[in-house]
Amino acid sequence: MLKLLFFARLREDLGTHEETLELPEGVTSVAALREFLCRRGDNWQTALHRPGLFVAVGQQVAGWETPLQGDEEVAFFPPVTGG
Amino acid sequence: MIVVQEQDFDLQHEYAALRQDCPSIGAIVTFVGLMRDFNDGDNVKSLFLEHYAGMTENVLADIVEKAKSRWNLQAVRIIHRVGNLLPSDQIVFVGVSSAHRGDAFSACEFIMDFLKTQAPFWKREQTEQGGRWVDARRSDEDSAQRWEK
């Protein structure tokens with residue numbers, strides 16, 4: 001199972017922090033996962049296309065073409081603002 | 001030592017920990033980041049800090065390793081707070097010990113610059129107009145990029 005995590009503004013926009021998901025048919029990359037999630041509705045489409053959106057796979061910042069096997073932790077979050 | 005915690009921290013305690021049992025240390029540089037009561041022209045009443053547990057510690061450890069490969073450092077201590085904070089509260093501590101002050105000054109600044117642009121923390125401000133997520137600053141990105149030169 002994929003473990004999906006959403007942080008900060010995304011967590012609020014989507015109304016969820018965490019979910020598990022069976023790798024959907026035909027989804028082989030992070031970019032394809034994003035497009036799959038965007039089909040859930042306008043709030044997903046908007047939130048997952050915010051400028052500067054980051055994705056981390058296995059807790060490492062990753063590119064959109066990163067391949068997925070189906071057992072990864074995938075996190076989406078806005079630019080960081082700590083310190 | 002890298003810690004993410006809700007509790008406050010004590011500068012003297014952290015300084016003492018950096019200083020103990022190492023006569024080869026010639027310099028200790030410490031930085032403390034505080035919560036301001038203003039941002040983008042508005043009064044900020046409180047701050048909520050969220051983070052990505054697990055990844056945060058990994059990113060900070062990676063930044064410390066990069067600093068250690070670049071300068072001659074004895075020890076590094078980082079504490080970052082999360083949860084609800086009020087104006088003047090301490091947010092972050094970075095302390096670096098080294099044989100020489102130049103390395104300690106540079107490494108402390110390097111660590112803060114990359115902490116601000118790479119460590120997964122997010123601030124939500126409560127102002128008189130309501131709550132808002134803080135936007136990343138271009139100037140922080142520029143500060144981190146100057147170390148690439």
Side-chain angles (χ1 to χ4, degrees), chain A residues 1-21 29-31 33-34 37-38 42-83, chain B residues 4 31-36 39-40 47-63 78-83 85 90-94 108-125 130-141 143-144:
Chain A
M1 295 288 268
L2 289 172
K3 181 179 177 185
L4 306 184
L5 293 167
F6 307 95
F7 289 95
R9 186 177 287 165
L10 260 74
R11 175 175 55 72
E12 283 191 347
D13 287 351
L14 301 172
T16 182
H17 168 55
E18 181 178 339
E19 69 169 273
T20 52
L21 179 73
S29 70
V30 172
L33 174 64
R34 172 162 73 165
L37 294 172
C38 283
D42 287 347
N43 59 330
W44 289 80
Q45 174 74 24
T46 305
L48 293 177
H49 283 93
R50 279 188 180 281
L53 182 78
F54 282 88
V55 63
V57 177
Q59 303 194 350
Q60 302 260 4
V61 170
W64 293 103
E65 296 314 314
T66 304
L68 293 176
Q69 308 296 326
D71 57 354
E72 293 93 341
E73 179 172 303
V74 183
F76 295 92
F77 50 83
V80 303
T81 54
Chain B
V4 180
F31 171 83
V32 177
L34 304 177
M35 188 197 148
R36 281 191 310 254
N39 191 30
D40 288 337
L47 192 67
F48 173 74
L49 259 152
E50 175 175 333
H51 80 124
Y52 183 174
M55 182 173 169
T56 311
E57 290 84 352
N58 292 342
V59 169
L60 292 175
D62 191 47
I63 294 168
I78 300 176
I79 302 172
H80 201 299
R81 295 178 67 194
V82 291
L85 297 173
Q90 304 187 111
I91 301 175
V92 58
F93 168 84
V94 176
C108 189
E109 197 169 17
F110 173 95
I111 290 167
M112 267 312 298
D113 285 346
F114 282 95
L115 181 155
K116 285 198 82 89
T117 53
Q118 293 187 350
F121 292 100
W122 300 275
K123 286 177 178 155
R124 193 178 200 285
E125 294 174 336
R132 66 182 183 196
W133 290 95
V134 174
D135 287 325
R137 286 178 194 280
R138 180 66 222 219
S139 57
D140 289 332
E141 197 61 45
S143 294

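The figures that follow rest on heavy atoms only: side chains count, while hydrogens, waters and symmetry mates do not. Numbered from 1 within each chain, the chains take letters A, B, ... in sequence-line order.
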Enquirer: Angle class for the A:F7/B:W122 ring planes (parallel below 30°, perpendicular above 60°, tilted otherwise)?
Expert: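 A:F7 vs B:W122 ring planes: parallel.
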Enquirer: If every non-hydrogen atom of B:A119 is compared with every non-hydrogen atom of A:V80, which pair is closest and at what distance?
Expert: O-CB, 3.2 Å
Enquirer: Kindly check if the number of other-residue, nucleotide or ligand heavy atoms within 6.0 Å of CG (A:D71) is above 12?
Expert: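 Atom CG in A:D71 is packed in, count exceeds 12.
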Enquirer: With a 4.5 angstrom heavy-atom cut-off, could you sort out which part of B:E141 is near chain A: side chain, backbone, both or neither?
Expert: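 Answer is neither: B:E141 stays 4.5 Å or more from chain A.
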Enquirer: Would you mind checking which part of A:A8 comes under 4.5 Å of any heavy atom in chain B, side chain (CB onward), backbone (N, CA, C, O), both or neither?
Expert: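 Contact with chain B involves both backbone and side-chain atoms of A:A8.
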Enquirer: Counting heavy-atom pairs under 4.5 Å to chain A, which of B:R81, B:K123, B:Q118 comes out on top?
Expert: B:K123
Enquirer: Checking side-chain contact (heavy atoms from CB on, under 4.5 Å) for the pair B:D135/A:R9: CA distance, chi angles, key distance, verdict?
Expert: CA-CA 10 Å; B:D135 287 325; A:R9 186 177 287 165; 3.4 Å; yes
Enquirer: For A:F77 and B:M55: C-alpha separation, side-chain torsions, deciding distance, then whether side-chain contact (heavy atoms from CB on, under 4.5 Å) applies.
Expert: CA-CA 12 Å; A:F77 50 83; B:M55 182 173 169; 4.1 Å; yes
Enquirer: More than 12 heavy atoms of other residues, nucleotides or ligands under 6.0 Å from CD of A:Q60: yes or no?
Expert: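 No, the 6.0 Å shell around CD holds no more than 12 heavy atoms from other groups.
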Enquirer: Checking an interface table here. Which of residues 10-20 of chain A come within a heavy-atom distance under 4.5 Å of chain B?
Expert: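 If one takes a 4.5 Å heavy-atom cut-off, the residues of residues 10-20 of chain A near chain B are A:R11, A:E12.
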